[in-house]
Enquirer: 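Got a structure for you, written out below as structure tokens; questions coming shortly.
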Amino acid sequence: MPELPEVETTRRGIEPHLKGRRMDAVEVRDSRLRWPVPDAVQQACGQRVRAVERRAKYLLIRLESGTLMLHLGMSGSLRVVPAGHEPGKHDHVDLHIDNGQLIRFNDPRRFGSLLWLESNDKDHPLLSNLGPEPLSADFSGDYLWQCSRHRRVAIKSFVMNGHIVVGVGNIYASEALFRAGIHPLRAAGRISKLRYQWLASSIRDVLEEAIRQGGTTLRDFASSDGQPGYFGQDLAVYGREGLPCIQCQSPLRQRRIGQRASYYCSKCQR
DNA sequence: AAAGACACCTGTCCGC
DNA sequence: TGCGGACAGGTGTCTT
């Protein structure tokens with residue numbers, strides 16, 4: 001489900017409910033997520049929430065001392081519901097807030113995670129080796145070009161590699177490459193600096209547009225208030241195999257690159 | 001160091 | 001209607 005725009009949409013949805021409030025309880029009904037939910041998450045109880053941040057696709061709930069770090073995996077979502085609301089299937093964790101509401105973590109596939117950080121994220125192995133945020137000033141075409149020297153990997157796999165740049169998932173990688181006119185199988189090291197500048201702009205644009213529209217709803221993504229995302233209407237290539245390219249009308253192609261379905265126009269993308 | 005395969009898990013969809 | 005298989009928005013880990 002969630003790529004960066006969906007995670008950011010979720011962050012914006014929960015932040016007003018959490019910021020400045022006290023965490024009354026962390027109720028773990030099923031700790032079997034990607035990693036077992038540690039008992040240490042109970043440290044959050046009784047503490048006030050200072051901020052709700054995002055790094056890559058991790059949500060970081062900053063408390064007075066320590067941080068709850070949450071990842072939505074492929075199928076995770078958060079909803080804000082009133083306390084006392086009956087939990088349903090796959091509702092694994094509830095964060096009880098002191099305003100009579102709770103943040104409910106649902107994740108059918110359990111690829112998501114909930115961890116506790118004592119301090120200093122910089123040292124945390126899951127965060128310490130990540131590439132720059134695509135919407136930050138550290139990210140640019142020059143940067144991508146620099147990292148790609150002597151790399152033979154397909155550009156699509158390259159931009160989806162979180163050590164290079166975070167937050168570009170399977171949908172938006174296809175979309176950004178289409179916008180930039182770059183074939184997804186082209187070797188990363190064989191793309192000019194100028195084309196990397198187009199690509200960096202495309203990545204930034206597509207993510208910003210998706211955030212503006214509340215993310216993409218393919219199956220069941222909904223923001224924390226239950227509203228779907230509307231970006232799906234604007235996808236130019238993802239999931240459109242066989243349909244005419246919006247630029248040249250030739251049928252869009254689909255093939256697997258790095259075990260992920262990839263969509264492109266073989267005429268517009270070289 | 002880089003690249004690719006595989007793993008985790010459940011739900012859904014499609015063809016028979 | 002039921003069943004098997006492929007596939008799904010992520011990413012850490014292992015092997016080459």
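Lettering of chains follows the sequences in order, A, B, ..., and the numbering in each one begins at 1. The analysis underlying the following values was restricted to heavy atoms, covering all of them including side chains, and did not include hydrogens, waters or symmetry mates.
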Enquirer: With nearest nucleotides of DNA chain B determined for A:Arg110 and A:Arg34 from heavy-atom distances, which residue corresponds to the more 5′ nucleotide?
Expert: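 The residue closer to the strand's 5' end, by nearest nucleotide, is A:Arg34.
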Enquirer: In this structure, are over 12 heavy atoms from other groups packed under 6.0 Å from A:Asp39 atom CG?
Expert: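 Not more than 12 within 6.0 Å, no.
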Enquirer: Quick check for you: among B:dA3, C:dG9, B:dG11, whose closest atom lies nearest to any side-chain atom of A:Val153?
Expert: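 Within the option list, the nearest is B:dA3.
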Enquirer: Atom CZ of A:Arg255 and atom C1' of C:dC7: how far apart are they, to the nearest Å?
Expert: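 Those two atoms, CZ and C1', are 18 Å apart.
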Enquirer: Between C:dG9, C:dA8, C:dT11, spot the one nearest the side chain of A:Lys57, thanks.
Expert: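 Within the option list, the nearest is C:dT11.
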Enquirer: Within this structure, what is the CD-to-P distance between A:Glu6 and C:dT11, rounded to whole angstrom?
Expert: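 Distance check: A:Glu6 CD to C:dT11 P gives 12 Å.
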Enquirer: Charged N to carboxylate O under 4.0 angstrom, A:Arg54 versus A:Glu8?
Expert: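 Yes.
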Enquirer: Looking at every strand, decide which applies to A:His150 at a 4.0 Å heavy-atom threshold: base, sugar-phosphate, or nothing.
Expert: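 No contact.
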Enquirer: Would you mind reading off the distance between A:Phe158 atom CZ and B:dA3 atom P, rounded to a whole angstrom?
Expert: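 Rounded to whole Å, this separation is 9 Å.
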Enquirer: Roughly how many Å is it from CG in A:Asn161 to P in C:dT13, rounded to a whole number?
Expert: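 About 15 Å, once rounded to whole Å.
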Enquirer: Please report, rounded to the nearest Å, how far the P atom of C:dG9 is from the CG atom of A:Asp107.
Expert: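 The answer, rounded to whole Å, is 15 Å.
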Enquirer: What is the nucleic acid contact for A:Tyr58, judged by heavy atoms within less than 4.0 Å: base, sugar-phosphate only, or nothing?
Expert: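 Result for A:Tyr58 = sugar-phosphate.
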Enquirer: When the nearest nucleotide of DNA chain C is assigned to A:His163 and to A:Arg109 on a heavy-atom basis, which residue is associated with the more 5' position?
Expert: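 This one resolves to A:Arg109.
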Enquirer: From C-beta outward on A:Gln259, which listed nucleotide comes closest to its side chain: B:dC6, C:dG9, C:dT11?
Expert: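 From the listed options, B:dC6 comes nearest.
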Enquirer: Is the CZ atom of A:Arg29 crowded by more than 12 outside heavy atoms at less than 6.0 Å?
Expert: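 Count over threshold, so yes.
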Enquirer: Could you let me know what C:dT11 is paired to, Watson-Crick or G-U wobble, both distances under 3.5 Å, or none if it's on its own?
Expert: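 Because both required distances fall under 3.5 Å, C:dT11 counts as paired with B:dA7.
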Enquirer: Checking all strands, does A:Arg260 fall into the base, sugar-phosphate, or nothing category for heavy-atom contacts under 4.0 angstrom?
Expert: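 Touches a base.
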Enquirer: What nucleotide, of B:dG11, C:dG12, B:dA2, holds the atom closest to the side chain of A:Arg151?
Expert: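 Looking only at heavy atoms from C-beta outward on A:Arg151, the closest nucleotide is B:dA2.
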Enquirer: What about A:Arg152: does its side chain form a donor-acceptor pair under 3.5 Å with the base of B:dA2?
Expert: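 No.
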Enquirer: In whole Å, what is the span from the CD1 atom of A:Ile164 to the P atom of B:dA1?
Expert: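 From A:Ile164 CD1 to B:dA1 P: 13 Å.
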Enquirer: How many whole angstroms separate atom OH of A:Tyr172 from atom P of C:dG9?
Expert: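 A:Tyr172 atom OH is separated from C:dG9 atom P by 12 Å.
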Enquirer: For C:dT11, does OP1 or OP2 lie under 4.0 Å from any side-chain N or O of A:His71?
Expert: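 Answer yes for this pair, as a side-chain N or O of A:His71 is under 4.0 Å from OP1 or OP2.
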Enquirer: If we take the P atom in both C:dC7 and B:dA5, what is their distance in whole Å?
Expert: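 Straight-line distance between the two P atoms is 14 Å.
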Enquirer: Which nucleotide in the list C:dC7, C:dG10, B:dG11 gets nearest to the side chain of A:Arg256?
Expert: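 So the nucleotide nearest the side chain must be C:dC7.
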Enquirer: If you check the A:Phe111 side chain, which of B:dG11, C:dG10, B:dA5 turns out closest?
Expert: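 Nearest to the side chain of A:Phe111 among the choices is C:dG10.
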Enquirer: If I take atom CG in residue A:Asn129 and atom C1' in nucleotide C:dT13, what distance separates them, rounded to the nearest angstrom?
Expert: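 Going from A:Asn129 (CG) to C:dT13 (C1'), I get 14 Å.
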Enquirer: Is any side-chain heavy atom of A:Asn161 closer than 4.5 Å to a side-chain heavy atom of A:Val153?
Expert: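 Result no, sub-4.5 Å side-chain heavy-atom pair not found.
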Enquirer: Kindly say if A:Lys89 contacts the phosphate of B:dG11, meaning a side-chain N or O under 4.0 Å from OP1 or OP2.
Expert: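 The answer is yes; a side-chain N or O of A:Lys89 sits under 4.0 Å from OP1 or OP2.
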Enquirer: Would you confirm whether A:Gln47, through its side chain, and A:Glu64, through its main-chain N or O, come within 3.5 Å as a donor-acceptor pair?
Expert: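 Looks like yes, one N/O pair under 3.5 Å.
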Enquirer: Would you say A:Val166 and A:Leu72 are hydrophobically clustered, going by side-chain heavy atoms of ILVMFWY under 4.5 Å?
Expert: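 In one cluster: no.
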Enquirer: For C:dG9 and A:Tyr238 - does any side-chain N or O of the residue sit under 4.0 Å from the phosphate oxygens OP1/OP2?
Expert: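 Yes, because at least one side-chain N or O of A:Tyr238 sits under 4.0 Å from OP1 or OP2 of C:dG9.
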